[in-house]
Amino acid sequence: MRIDIKGLRKSFGNNVVLDGIDLTIEDGKTTVIVGQTGCGKSVLIKHIIGLLKPDSGQIVVNGVDITGLKHSEFTGILKNFGVLFQSSALFDSMTVGENVAFPLQEHTGLSPAKVMDIVKEKLAIVGLKGVERLYPSELSGGMKKRVGLARAIALDPKVLIFDEPTTGLDPVMSDTIDNLIMNTQKHLGVTSIVISHDIAGTFKIAHWIAMLYKGKVVLYGSPDDFRNTKDPIVRQFLERRAEGPLQVEA
Amino acid sequence: MKFRPMAIFEYIGARFTVLMEELGGIFSTFLQSIGLLFVPPFRLKLFFKQMEFIGVESSFIVLLTGAFTGMVFALQTSYAFRLFGAENLIGPSVALSLARELGPVLTGLMVTGRVGSAMAAELGTMRVTEQIDALSTMSINPVQYLITPRVLSSIIMLPMLTVLFDFIGIIGSYFMAVFLLGINGNRFISDTIYMVDLKDVYVGLLKAAVFGAIIAVVGCYEGYFAQKGAEGVGKAATQAVVISSVSILIADYFLTALLF
Ligand SMILES: Nc1ncnc2c1ncn2[C@@H]1O[C@H](COP(=O)(O)OP(=O)(O)OP(=O)(O)O)[C@@H](O)[C@H]1O
Ligand SMILES: [Mg+2]
């Protein structure tokens with residue numbers, strides 16, 4: 001699915017978060033969004049999944065502008081999305097197994113045994129075994145994230161939207177998740193939008209990278225474009241230096 | 001700061017505006033949740049879970065408060081009725097007050113404290129931790145999934161709890177009257193049955209159903225629209241109890257005026 005974001009603006013009170021974002025998410029490719037903490041990455045993807053309404057601008061998914069759609073009209077599009085929230089957003093009244101099974105039970109007619117199989121399979125993909133009966137409150141932060149991932153991929157969605165899938169994971173586990181994203185893209189042609197603070201992982205998985213700064217896209221390009229850029233703000237960010245033109249907001 | 005006597009009017013005016021907005025939101029949430037009752041999918045499991053939480057798990061506090069309300073009421077009325085030798089009216093007057101007023105209202109207030117605040121806290125936590133957002137991104141209508149079962153279960157369970165309250169209250173007053181005040185037991189029962197109409201009971205139960213709707217809708221509304229953070233969740237729970245208690249008392253007045 002192709003997603004075109006056009007002139008997207010969003011403010012909360014006086015806080016201008018998105019100040020005219022133009023960005024294309026190419027079909028079947030992985031686009032990584034990077035930027036400082038608080039720069040509006042999560043806000044941007046919440047617009048794509050319809051949780052926030054823009055002040056102005058458009059979000060066009062496969063030719064349909066979703067910003068004007070009613071929730072009921074939007075659900076058809078949403079069914080193609082698998083979303084991992086930054087906070088994981090697991091249902092804390094359900095076990096891990098029930099969390100991953102939930103989208104399957106709601107949207108497929110599969111038998112409980114089949115659902116159980118898929119739950120096990122998806123949990124295994126994210127490196128979890130034998131945790132089905134635990135509650136989210138009994139998991140570590142990294143485990144929650146991976147359960148959230150398993151839930152997001154449960155229905156084999158066409159579009160994966162991952163808000164910091166590897167933050168809080170050890171390097172080996174991060175690489176496992178990166179491989180998961182690359183493999184689903186390669187084999188199933190999934191479109192992925194990934195928010196990440198992990199520069200090495202970003203260069204590994206991204207076809208396209210967009211960097212947000214002060215409510216705008218400062219650079220959109222391939223990983224090579226990013227490696228070769230002379231833009232001082234992007235350079236400073238990639239080289240993780242505190243000194244430079246990039247302003248750290250108080 | 002200068003003393004401004006008009007400030008109290010400003011304060012009340014401002015509060016009133018906020019209250020009206022809130023009531024509007026609560027009412028539209030109610031309509032939405034009831035409308036979604038008739039739209040598939042129907043998730044029976046969620047209803048049963050809520051009925052258990054609201055009904056079964058409230059039965060003990062309803063039992064306790066019902067028994068003591070009946071007892072204290074028998075005791076209080078006995079002082080008055082004894083003055084003019086009308087002790088035989090203790091039974092009927094306790095039963096009438098329980099069925100018409102005290103049963104539904106006290107059950108409503110007790111359940112508000114337990115269930116209304118819990119609903120607000122639970123939905124508030126789900127809001128703050130993005131679980132409600134997660135539901136919508138899975139194309140599940142969160143109002144239908146979360147609020148509809150709570151509202152319907154509460155509407156069904158409150159009358160049942162009220163029946164329990166009335167029943168236990170009358171038993172409490174019977175024990176008080178017969179064993180402690182020495183009133184004839186058969187007389188107590190026959191007078192009570194003679195004086196209490198079925199209408200008194202079912203209007204009381206109708207009230208209870210309305211209170212049930214108030215408790216669940218207010219609790220859910222406050223939680224669903226909770227502000228960020230732990231503070232927001234706490235505020236939602238308090239607000240739920242305050243608003244639904246006041247609403248129950250106000251609704252009680254109008255229902256009494258209209259229905260009896
Ligand atoms: N619901 C909201 N109400 C008000 N302000 C909000 C809301 N959501 C986000 N913001 C503000 O929008 C800005 C961007 O937040 P966002 O969560 O998108 O940052 P981010 O880029 O995802 O940061 P991080 O890398 O730390 O996750 C912040 O200043 C935040 O305070
Ligand atoms: Mg974020």
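Please read all numbers here as calculations on a predicted model, not as lab measurements.
With a 4.5 Å cut-off on non-hydrogen atoms, A/L90 touches chain B through its backbone but not through its side chain. Only the side chain of A/F102 comes within contact range of chain B, with heavy atoms under 4.5 Å apart. At a 4.5 Å heavy-atom cutoff, B/I132 makes no contact with chain A through either its backbone or its side chain.
Between chain A and the residues B/T125, B/I140, B/T129, the largest count of heavy-atom pairs under 4.5 Å involves B/I140. Ranking A/I49, A/T75, A/L78, A/V83 against chain B, the residue ahead of the rest is A/L78, based on heavy-atom pairs under 4.5 Å.
Residues A/H47 and A/K10 form a side-chain contact, since some pair of their non-hydrogen atoms from C-beta on lies under 4.5 Å apart. For the pair B/S154/B/Q50, no side-chain contact is recorded, criterion being any heavy-atom separation below 4.5 Å from C-beta on. At a threshold of 4.5 Å between non-hydrogen side-chain atoms, the residues B/Y145 and B/R43 count as touching.
Side-chain N or O atoms of B/S117 include none that pairs as donor or acceptor with a backbone N or O of B/V241 at under 3.5 Å.
When all heavy atoms of A/D163 and A/S42 are compared, the closest pair comes out as OD2-OG, 2.6 Å.
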